[in-house]
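Bear in mind the structure is a predicted one, so any value in this text is a computation, not a measurement. Ligands are counted one by one from 1 in listed order, and the atoms in each one are counted from 1 as well.
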Amino acid sequence: MSRFVEDVSRTVSPGERVLDAGAGEAPYRLLFRGARYVGLDDGRGDPRWDYTGLNVSGDLLAMPLASASFDHVICTETLEHLSDPQGFLVEVARVLRPGGHLHLSAPLSFKEHQQPHDYFRYTRYGLALLLERAGFEAVSVEPEGGYFRYLGDKIQPAHRYLFAKDRALVWKIVFLILQPFSMLLFTVLLPALCAALDPLDSKRVHTTGFLVTARRPERV
Ligand SMILES: C[S@@+](CC[C@H](N)C(=O)[O-])C[C@H]1O[C@@H](n2cnc3c(N)ncnc32)[C@H](O)[C@@H]1O
């Protein structure tokens, strides 16, 4: 994900206006220090997060922002949390200037998180449909890796489930000796092997999610 946002930041000219829609703890703010960065969120996602670095507190479905006021909108791992994704994309098109760009990531396969505000997962066709209906053009939807990367992502929690804290004492003792091997296998070795094998999958229908770029047309 951060590689995607780094690539986006290289396309942003100094002084351009960048909206981070659903910024959370604004992990990408520093990438845009040459630009005029605005982080917007309403803080509903995670009570343990530090939302104090936001510039604007507001609902993504009715953003308290002027029309045509941004050159770029970035939105990472947030679309699945919105009850009205189509309405949100129409709002993004409104706040972008004509010719401005949206850079978005959205999951196809990810565990439930930030419950209960977790509503949808997306295929590439669903994303393209929503974007076209919101009036975007030059839509590009790229998978974030293929089958092996997906597998590497899915295998990592195995260690946590095997060595869950609520196991009976006898199992805890048996597992004590196995725990370091399990951690090495599931969280280091297998994910590294999967990452190395990922280029072997050219179909990319098993993927963790998609990276999207789209443009608001110059003329509507
Ligand atoms: C999974 S986090 C992603 C945060 C950040 N973009 C990142 O990549 O680390 C989703 C964020 O969307 C915010 N959010 C969800 N629904 C929202 C809404 N309707 N209006 C404003 N923010 C919302 C949550 O508060 C949360 O911070």
Problem - For ligand 1, the portion of C75 having any non-hydrogen atom under 4.0 Å away - result: neither
Practice task
Assign the ring pair Y119 / H117 to parallel, tilted or perpendicular, where the plane angle (0 to 90°) is split at 30° and 60°.
Solution key: perpendicular
Problem - Ligand-residue contact atoms, ligand 1 with T78, heavy atoms, under 4.0 Å - result: 3 (C), 6 (N), 10 (C), 11 (C), 12 (O)
Handout entry: L82, portion touching ligand 1 at heavy-atom distance under 4.0 Å
Key = side chain
Handout entry: F120, CZ: over 12 other non-hydrogen atoms inside 6.0 angstrom
Key = yes
Problem - Close-contact set for ligand 1 against G43 heavy atoms, below 4.0 Å - result: 25 (O)
Handout entry: Within 6.0 angstrom of Q115 CD, more than 12 heavy atoms from elsewhere
Key = yes
Exercise for the section: Kindly confirm or rule out an N or O of Y51 lying under 3.5 angstrom from an N or O of ligand 1. Expected result: yes
Problem - Polar contact flag for D41 and ligand 1 (N/O pairs, less than 3.5 Å) - result: yes
Problem - N or O contact, Q114 vs ligand 1, cut-off under 3.5 Å - result: no
Exercise for the section: Would you indicate whether R133, at its atom CZ, is surrounded by more than 12 heavy atoms from other residues, nucleotides or ligands within a distance under 6.0 Å? Expected result: no
Exercise for the section: Indicate yes or no: at least one non-hydrogen side-chain atom of T78 is less than 4.5 angstrom from one of F88. Expected result: no
Exercise for the section: For ligand 1, find out whether one of its N or O atoms is nearer than 3.5 Å to an N or O atom of L60. Expected result: yes
Exercise for the section: Report yes or no: does G58 have a heavy atom closer than 4.0 Å to ligand 1? Expected result: yes
Exercise for the section: Run through L169, I177, V170 and flag the one making a side chain to side chain contact (heavy atoms under 4.5 Å, CB included) with I173. Expected result: L169
Handout entry: Parallel, tilted or perpendicular, as decided by the 30° and 60° cut-offs, for the rings of H72 and H101
Key = parallel
Handout entry: Ligand-residue contact atoms, ligand 1 with E77, heavy atoms, under 4.0 Å
Key = 1 (C), 2 (S), 3 (C), 10 (C)
Handout entry: Heteroatom proximity flag, G22 to ligand 1, N/O under 3.5 Å
Key = yes
Exercise for the section: Determine the interplanar angle of the H81 and H113 rings, folded into 0 to 90°, and report it as parallel if under 30°, tilted if 30 to 60°, perpendicular if over 60°. Expected result: perpendicular
Exercise for the section: Might you confirm whether atom OH of Y51 has over 12 heavy atoms from other residues, nucleotides or ligands at distances under 6.0 Å? Expected result: yes
Exercise for the section: Number the atoms of ligand 1 from 1 as they appear, then name those within less than 4.0 Å of a heavy atom of H81, with their elements. Expected result: 1 (C), 10 (C), 15 (C), 16 (N)
Handout entry: Any W49 heavy atom less than 4.0 Å to ligand 1
Key = yes
Exercise for the section: For ligand 1, find out whether one of its N or O atoms is nearer than 3.5 Å to an N or O atom of E80. Expected result: no
Handout entry: In one Ile/Leu/Val/Met/Phe/Trp/Tyr side-chain cluster, 4.5 Å: L197, V188
Key = no
Practice task
Answer with yes or no whether H117 contacts ligand 1, where contact means a heavy atom under 4.0 Å from a ligand atom.
Solution key: no
